[in-house]
Every structure is written in C-alpha cells, then in structure tokens.
There are 2 protein chains.
Amino acid sequence: MKMAEKKHLNSSLLERLATNGFRFTPQREHVYSVLLEKRDHPTAEEVFIRAKRRMPDISMATVYNCLDALVKCRLVRQVALERGAARFCPNMQEHSHFYCDSCEQVFDVNLPPEPVIGLPRGFKAERYDIAIHGRCPECKT
Amino acid sequence: MKMAEKKHLNSSLLERLATNGFRFTPQREHVYSVLLEKRDHPTAEEVFIRAKRRMPDISMATVYNCLDALVKCRLVRQVALERGAARFCPNMQEHSHFYCDSCEQVFDVNLPPEPVIGLPRGFKAERYDIAIHGRCPECKT
DNA sequence: GTCAATACTTGGAATAATTCTAATTTGCGC
DNA sequence: GCGCAAATTAGAATTATTCCAAGTATTGAC
Ligand SMILES: [Mn+2]
Ligand SMILES: [Mn+2]
Ligand SMILES: [Zn+2]
Ligand SMILES: [Zn+2]
C-alpha cells in the first residue's frame with residue numbers, strides 16, 4: 001500500500017474511532033490493517049496470530065478490545081455462524097454468508113434487493129442475517 | 001396429554017431414534033417432552049433446569065447428549081443466533097427466527113416461499129438460516 | 001509543552017458453555 | 001435371561017471470552 005493511501009485510511013480510522021468515543025492506538029490501527037489485508041473471516045484467535053507477526057507484543061485481550069471497538073464503529077462485522085468462535089468480516093457492503101459444512105470456510109454472498117419477510121404485527125426488524133449452509137465448489141462431491 | 005397420545009408420541013420417538021441408531025431412554029423421552037411442553041427456544045442450561053423438575057437425577061451431560069441425539073434425528077433444531085449458549089427449537093416446520101435485541105427473546109417467523117439468493121456458480125445450498133434482529137412488540141419504544 | 005484525567009494495554013485469573021473421561025448402568029437383539 | 005454396545009453420571013478438561021488490577025499512552029485544558 002502506498003504511503004498516501006495508508007495515511008488516508010488512518011485518518012478516516014481515527015475519525016471513525018473518535019466519533020464513537022474511542023482513541024486511536026497503534027494496536028487498533030494494526031488489527032484493522034490485518035483484517036483488511038486478507039479479506040476472509042478469521043476468528044479472534046486467528047487475528048491474534050496474524051497481528052503478532054508484525055506486532056509481537058500485542059495481547060489477546062487487546063485483540064478482543066480492538067475487534068470490539070471496530071465492530072462498534074461499524075468498520076467490521078461480527079458473524080456468528082456455527083457454534084464456537086465468533087468470526088470477523090471487514091466487508092461492510094451488505095452481504096450474507098455461505099458456510100461450507102465440509103471445509104468450514106466462509107464466503108461472502110451478495111444479497112437480493114431485500115428479503116421480503118412478512119413479520120407479524122408489531123415487530124420491527126433492524127437487520128437480517130442470512131446464513132446459507134452447504135458445500136462450496138471445492139467440496140462438492 | 002392423554003395416555004393414548006403419549007404412547008403414540010413415544011412410539012414415534014422410539015422409531016425415529018432407532019432408525020438413526022440411537023436407543024430409547026427415559027432421559028431422551030423426558031428431554032423431548034420438556035421441549036414440546038413449552039415451545040420456546042431454551043438453552044441447554046434452561047432445558048436442564050426444566051428437566052430436573054420431574055427427573056431430579058438427570059445430569060447436564062445427559063441433557064447435552066439427549067439434545068444432540070434429538071437434533072441428529074431431526075426432531076429438534078439447534079439455533080445459533082447471538083454468541084453464547086445455543087438454543088433449541090422443537091418447531092420443525094420451516095421457519096426463521098426473530099431475535100429481540102432488547103429482551104433477548106426468540107420468536108418463530110414464517111418464511112416466504114423461498115429466499116431466492118443467487119449463489120455463485122458451484123455453490124450448493126443445503127439450508128438457509130435467516131435471523132432477523134430487532135425489537136419485539138413488547139419492547140418497541 | 002505540561003499536566004491531569006481517563007482510556008487503553010497487558011498478563012493472568014475468572015467465567016461460561018461445552019466436551020471429554022472413566023466407571024457404572026441400561027436397552028435391546030438373541 | 002445374557003451379553004455387549006450404548007447411555008448415564010459426576011467431575012475434569014477444554015474452548016472462547018470476559019474480567020481485573022497495575023502500568024502506560026492519548027487527549028484536551030491550560
Ligand atoms: Mn463477510
Ligand atoms: Mn424456532
Ligand atoms: Zn468447502
Ligand atoms: Zn423484546
């Protein structure tokens with residue numbers, strides 16, 4: 001990434017953190033950059049491993065703290081597909097998730113215009129989470 | 001419940017367990033009946049508490065085992081909404097879940113005919129899990 | 001720039017949810 | 001009824017996450 005790009009990213013990260021009452025720290029910057037680098041769906045553990053490579057002293061507690069801040073700033077989505085560790089997704093476009101029951105990989109899938117589900121009277125939907133389970137192309141028998 | 005009804009339920013439970021290679025045990029019968037009694041979305045812990053009322057010696061490990069067997073027999077659905085304890089749903093009709101972010105209750109919501117999501121080439125969907133987050137009528141401000 | 005207030009980071013302890021273990025008991029085909 | 005695989009049990013172990021208390025860094029006021 002070019003210097004100018006990085007500076008811009010960081011100033012917008014700072015802004016986003018600030019408007020949500022968070023401080024800008026090297027750890028938060030780094031965790032965010034780690035997520036943007038490889039746009040998959042790592043667990044906190046996996047983020048920790050990747051973050052440590054260039055910031056060996058970062059702690060697991062901080063990774064959780066950073067992920068939490070990023071989620072609260074809406075720079076990252078937290079996804080709960082299967083039971084077990086939560087996963088984090090840096091793709092903030094509206095999309096749903098395909099979970100391959102065989103290789104356990106998670107794929108982004110574009111959503112149709114709007115999933116028209118008739119809710120009973122009085123219910124107010126804020127957000128739809130669509131998880132599709134099945135086999136990815138690699139694992140199709 | 002009338003005696004005849006119960007007998008019928010149990011013989012169909014036995015059959016379902018048998019065809020999936022499971023044995024019929026009083027614990028499995030009881031856990032299943034506990035789920036059918038109050039058709040909500042309890043956690044394993046909550047099932048344990050309810051099951052203990054009429055079967056005080058049942059253990060947590062057995063509750064997990066029973067729930068697992070019932071899920072594998074497709075008599076019960078396991079739902080993973082938010083992070084935290086898994087929930088169990090005895091309603092086997094196709095439906096999706098509304099999770100109230102305020103009171104944390106889970107409601108069954110009927111699905112539209114079929115959520116037409118165009119999957120990329122090669123992906124094979126087996127099951128859609130639609131979770132809707134929002135406010136229930138009680139909690140609407 | 002200095003300073004104080006407060007937020008953040010850290011390692012380790014604590015907790016929550018679930019799974020594993022090993023001894024005992026039970027269901028079920030013969 | 002008998003034998004054996006499967007199920008139950010209490011408790012230990014594991015996994016994922018949160019909490020804690022002490023030290024450190026960031027920020028805004030001056
Ligand atoms: Mn995603
Ligand atoms: Mn349900
Ligand atoms: Zn796959
Ligand atoms: Zn509610």
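By convention in this document, chain letters (A, B, ...) are assigned in the order of the sequence lines, proteins followed by strands, and residues within each chain are numbered from 1.
Between His41(A) and Phe88(A) there is no side-chain heavy-atom pair separated by less than 4.5 Å. Two residues are said to be in side-chain contact when any heavy atoms from C-beta on lie closer than 4.5 Å; Ser102(A) and Cys136(A) fail this criterion.
With hydrogens and angles ignored, the 3.5 Å screen pairs no side-chain donor or acceptor of Arg83(A) with any backbone N or O of Ala85(B). A donor-acceptor pair under 3.5 Å is formed between the side chain of His30(B) and the backbone N or O of Ala51(B).
Salt-bridge check for Arg54(B) with Glu37(B): passed, with a basic side-chain N closer than 4.0 Å to an acidic carboxylate O. Taking a cutoff of 4.0 Å between a charged side-chain nitrogen and a carboxylate oxygen, Asp129(B) and Arg77(B) qualify as a salt bridge.
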>> Across nucleotides 23-30 of chain C, 5' to 3', mark each nucleotide with B, S or - according to how protein heavy atoms within less than 4.0 Å reach it.
In response: ---BBS--

Quick one: which protein N/O atoms are closer than 3.5 Å to N/O atoms of nucleotides 16-18 of chain C? Pair and distance per line, please.
{"from": "dT18(C)", "atom 1": "OP1", "to": "Ala86(B)", "atom 2": "N", "distance (Å)": "2.8"}
{"from": "dT18(C)", "atom 1": "OP2", "to": "Tyr64(B)", "atom 2": "OH", "distance (Å)": "2.6"}
{"from": "dT18(C)", "atom 1": "O5'", "to": "Tyr64(B)", "atom 2": "OH", "distance (Å)": "3.2"}

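For the pair Ser59(B) and dT8(D), the criterion of a side-chain N or O lying under 4.0 Å from OP1 or OP2 is not met. Using a 4.0 Å cut-off, some side-chain N or O of Asn65(A) falls inside it from OP1 or OP2 of dT9(C).
We find the CZ-SG distance between Phe22(B) and Cys66(B) to be 10.5 Å, quoted to the nearest 0.5 Å.
In this view, Arg87(A) and Glu82(A) satisfy the salt bridge (Lys or Arg N to Asp or Glu O under 4.0 Å) rule, not counting sequence neighbours.
Taking atom CE of Met55(A) as the reference point, atom C1' of dC8(C) lies 13 Å away to the nearest angstrom. In this entry the distance linking CG of Asp57(B) with P of dT8(D) reads 13 Å, nearest Å. The distance from atom NE2 of His30(A) to atom P of dT9(C) is 13 Å, rounded to the nearest whole Å. Atoms CG (Leu70(A)) and C1' (dC8(C)) sit 14 Å apart, rounded to a whole Å. Protein atom CD1 of Ile58(A) is 15 Å distant from nucleotide atom P of dA25(D), rounded to whole Å. When the C1' atom of dA6(D) is taken as reference, atom CG of Asp68(B) falls 14 Å away, rounded to whole Å. If you measure from atom CZ of Phe48(A) to atom P of dT15(D), you get 16 Å, rounded to the nearest angstrom. Rounded to whole Å, atom P of dT8(D) lies 12 Å from atom CD of Glu29(B).
Pairs passing the side-chain hydrogen bond (donor to acceptor under 3.5 Å, both in side chains) check and including a residue from residues 56-65 of chain B, sequence neighbours excluded, read Arg28(B)-Asn65(B), Ser59(B)-Thr62(B).
Judged purely by distance below 3.5 Å, without hydrogens or angles, the side chains of His95(B) and Asn110(B) never pair a donor atom with an acceptor atom.
Under the 4.5 angstrom side-chain criterion for Ile, Leu, Val, Met, Phe, Trp and Tyr, the cluster partners of Tyr99(B) are Leu81(B), Val106(B).
Note on the helix from dG1(C)-dC30(D) to dC30(C)-dG1(D): terminal axis deviation equals 40°, with five pairs used at each end and the result rounded to 10°.
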